[in-house]
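For reference, the structure discussed in these notes is given below.
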Amino acid sequence: MSIPLLNYPPSTSNQRVEGFEVPGDEQPAIYNTENLLSGGEIDELIRAAYRQIFNEQQLLASNRQKTLESQLKFGQITVRDFIRGLVLSDTFRRRNYEPNNNYRFVQMCIQRLLGRDVYSDREKLAWSIVLATKGLKGFIDELLDSEEYLTNFGYDTVPYQRRRILPQHNQGDLPFARMPRYGEDHRKQLEALGYFQAKPIREYRWEWQKPPYPKAARMLGKAIVIFGATFIGLVAIASALAAWELISL
């Protein structure tokens with residue numbers, strides 16, 4: 001028995017207001033398959049989908065889903081199916097789902113799939129219940145089949161952060177890419193496992209392998225500098241005297 005989605009009131013946000021601004025350089029680029037004319041443009045669309053789902057810090061060759069890319073290029077799947085495949089891939093699961101709790105993962109998916117931030121903690125709770133009861137695939141299907149997703153992106157448009165820039169504001173909303181891929185709780189787990197501890201001092205087999213004592217190293221450096229400066233000064237003086245003798249002759 002599936003639990004219905006918990007009700008939550010949407011808050012007044014930028015993406016819920018109709019925009020009348022003139023498009024500019026700061027407006028998000030919209031990629032869809034309705035007006036693609038060349039193979040290079042479909043490659044740009046695929047790169048935009050990777051940036052939206054994996055963000056800049058996870059654009060790795062190992063994250064590519066070449067089978068999905070081929071199916072999209074030949075028109076066998078829609079952009080929405082391609083997005084679904086990226087979110088349900090093993091790499092996305094390992095890098096984003098497993099390191100996070102349900103609340104943070106829900107916020108991440110709403111940002112990347114619906115193009116907006118969560119309205120409140122109650123919305124996080126509502127969707128985390130869906131994630132816990134229906135699993136990852138059921139949760140993603142609910143988001144991609146939602147009226148909000150279909151109204152804003154449909155079947156052929158790559159999701160993007162909606163209305164991040166407002167002309168009457170000095171600064172728009174921060175891009176969702178600024179959000180780290182895991183939270184403080186996962187960092188504490190890594191600290192408990194010793195990931196951030198200082199490495200032990202390595203043992204040297206031979207005495208000559210050991211680095212010099214810092215004080216001795218500083219003294220040696222000073223001596224080299226003084227000797228070098230003195231030598232250069234003597235060479236300069238000798239050159240000047242030799243030049244003077246030549247002039248006198």
Side-chain angles (χ1 to χ4, degrees), residues 5-6 8-17 19 26-32 45-60 63 65 79-89 91-132 134-154 157-166 169 171-187:
L5 183 65
L6 184 69
Y8 54 88
S11 60
T12 302
S13 304
N14 297 344
Q15 75 277 351
R16 297 187 65 228
V17 181
E26 294 181 338
Q27 299 298 325
I30 299 177
Y31 296 90
N32 60 66
L45 183 146
I46 290 174
R47 283 192 289 269
Y50 278 113
R51 285 195 302 269
Q52 178 67 18
I53 300 303
F54 286 97
N55 282 348
E56 296 289 345
Q57 64 267 25
Q58 295 181 28
L59 292 181
L60 307 173
N63 290 342
Q65 305 296 315
V79 173
R80 188 179 69 142
D81 295 330
F82 183 69
I83 296 295
R84 190 196 311 271
L86 294 183
V87 181
L88 294 179
S89 63
T91 53
F92 187 84
R93 173 190 286 269
R94 291 197 310 268
R95 299 180 187 278
N96 298 279
Y97 176 66
E98 294 179 359
N100 290 295
N101 56 40
N102 284 0
Y103 300 109
R104 186 178 182 85
F105 184 73
V106 162
Q107 181 181 6
M108 181 184 302
C109 288
I110 289 178
Q111 289 177 348
R112 301 184 186 185
L113 297 181
L114 299 184
R116 63 168 175 85
D117 207 350
V118 294
Y119 291 131
S120 60
D121 289 338
R122 187 172 178 83
E123 185 180 21
K124 286 184 186 180
L125 176 62
W127 284 107
S128 65
I129 293 175
V130 175
L131 178 59
K134 295 186 177 182
L136 177 59
K137 185 179 185 305
F139 166 64
I140 297 302
D141 288 342
E142 289 285 339
L143 285 180
L144 295 179
D145 295 339
S146 65
E147 181 180 357
E148 181 178 2
Y149 182 92
L150 294 175
T151 300
N152 290 281
F153 307 116
T157 302
V158 176
Y160 55 90
Q161 187 170 350
R162 293 181 277 149
R163 303 214 63 223
R164 184 176 74 85
I165 304 297
L166 294 179
H169 288 188
Q171 182 178 4
D173 295 333
L174 291 177
F176 294 146
R178 296 281 187 91
M179 180 178 176
R181 70 181 180 91
Y182 59 80
E184 185 178 356
D185 53 344
H186 184 66
R187 179 182 174 84

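Residue numbers count from 1 along this sequence.
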task = Check the pair N96 / R112 against side chain to side chain contact (heavy atoms under 4.5 Å, CB included), numbers first and verdict last.
result = CA-CA 12 Å; N96 298 279; R112 301 184 186 185; 3.6 Å; yes
ask   = Heavy atoms, side chains only, cut-off 4.5 Å: are N100 and Q107 in contact?
value = no
query = Are any of the side-chain heavy atoms of E123 and V106 separated by less than 4.5 Å?
reply = no
note = Closest non-hydrogen contact found for Y160 with Q52 is CA-OE1, 3.8 Å
key: Minimal non-hydrogen separation, L144 against Y149, with atom names   = O-CD2, 3.5 Å
task = Search all heavy atoms of V87 against all heavy atoms of F92 and return the closest pair with its distance.
result = O-CD2, 3.0 Å
key: Interatomic spacing from CZ in F139 to CG in L88 - rounded to 0.5 Å   = 11.0 Å
message = Once side-chain hydrogen bond (donor to acceptor under 3.5 Å, both in side chains) is applied, do any residues pair with R47, and if so which ones, sequence neighbours excluded?
response = E44
request  = Could you tell me whether the side chain of L150 reaches within less than 4.5 Å of the side chain of R80, counting heavy atoms only?
outcome  = yes
ask   = Do F153 and R162 have side-chain heavy atoms sitting under 4.5 Å apart?
value = yes
inquiry  = Whether the side chain of Q111 engages the backbone of D117 through a donor-acceptor N/O pair (distance < 3.5 Å, no angle test) should be reported.
reply    = no
task = Start with the C-alpha gap between L113 and I140, add the side-chain angles, then the distance that decides, and say whether side chain to side chain contact (heavy atoms under 4.5 Å, CB included) holds.
result = CA-CA 9 Å; L113 297 181; I140 297 302; 4.1 Å; yes
query = Taking it one step at a time, do I83 and I53 satisfy side chain to side chain contact (heavy atoms under 4.5 Å, CB included)?
reply = CA-CA 8 Å; I83 296 295; I53 300 303; 3.9 Å; yes
ask   = Considering all heavy atoms of both residues, which atom of N102 and which atom of A132 are nearest to each other, and what is their separation?
value = ND2-CB, 4.1 Å
inquiry  = Holding to side-chain hydrogen bond (donor to acceptor under 3.5 Å, both in side chains), I want the full list of residues that pass it with D81, two or more places apart in sequence or in another chain.
reply    = T78
ask   = Aromatic rings F82 and Y50: how do their planes relate, parallel, tilted or perpendicular, breaks at 30° and 60°?
value = perpendicular
task = Heavy atoms only: give me the nearest N101-R104 pair and the separation to one decimal.
result = OD1-N, 2.8 Å
ask   = Hey, are the side chains of Q65 and T91 touching, using non-hydrogen atoms and a 4.5 Å cut-off?
value = yes
task = Only counting residues at least two apart or in another chain, list the ones meeting side-chain hydrogen bond (donor to acceptor under 3.5 Å, both in side chains) with S128.
result = none
message = Can you tell me which residue among N32, V79, I46 is in a side chain to side chain contact (heavy atoms under 4.5 Å, CB included) with V158?
response = V79
Minimal non-hydrogen separation, Y97 against L136, with atom names = CD1-CD1, 4.3 Å
key: Stepwise side chain to side chain contact (heavy atoms under 4.5 Å, CB included) test for W127 and L143   = CA-CA 9 Å; W127 284 107; L143 285 180; 3.8 Å; yes
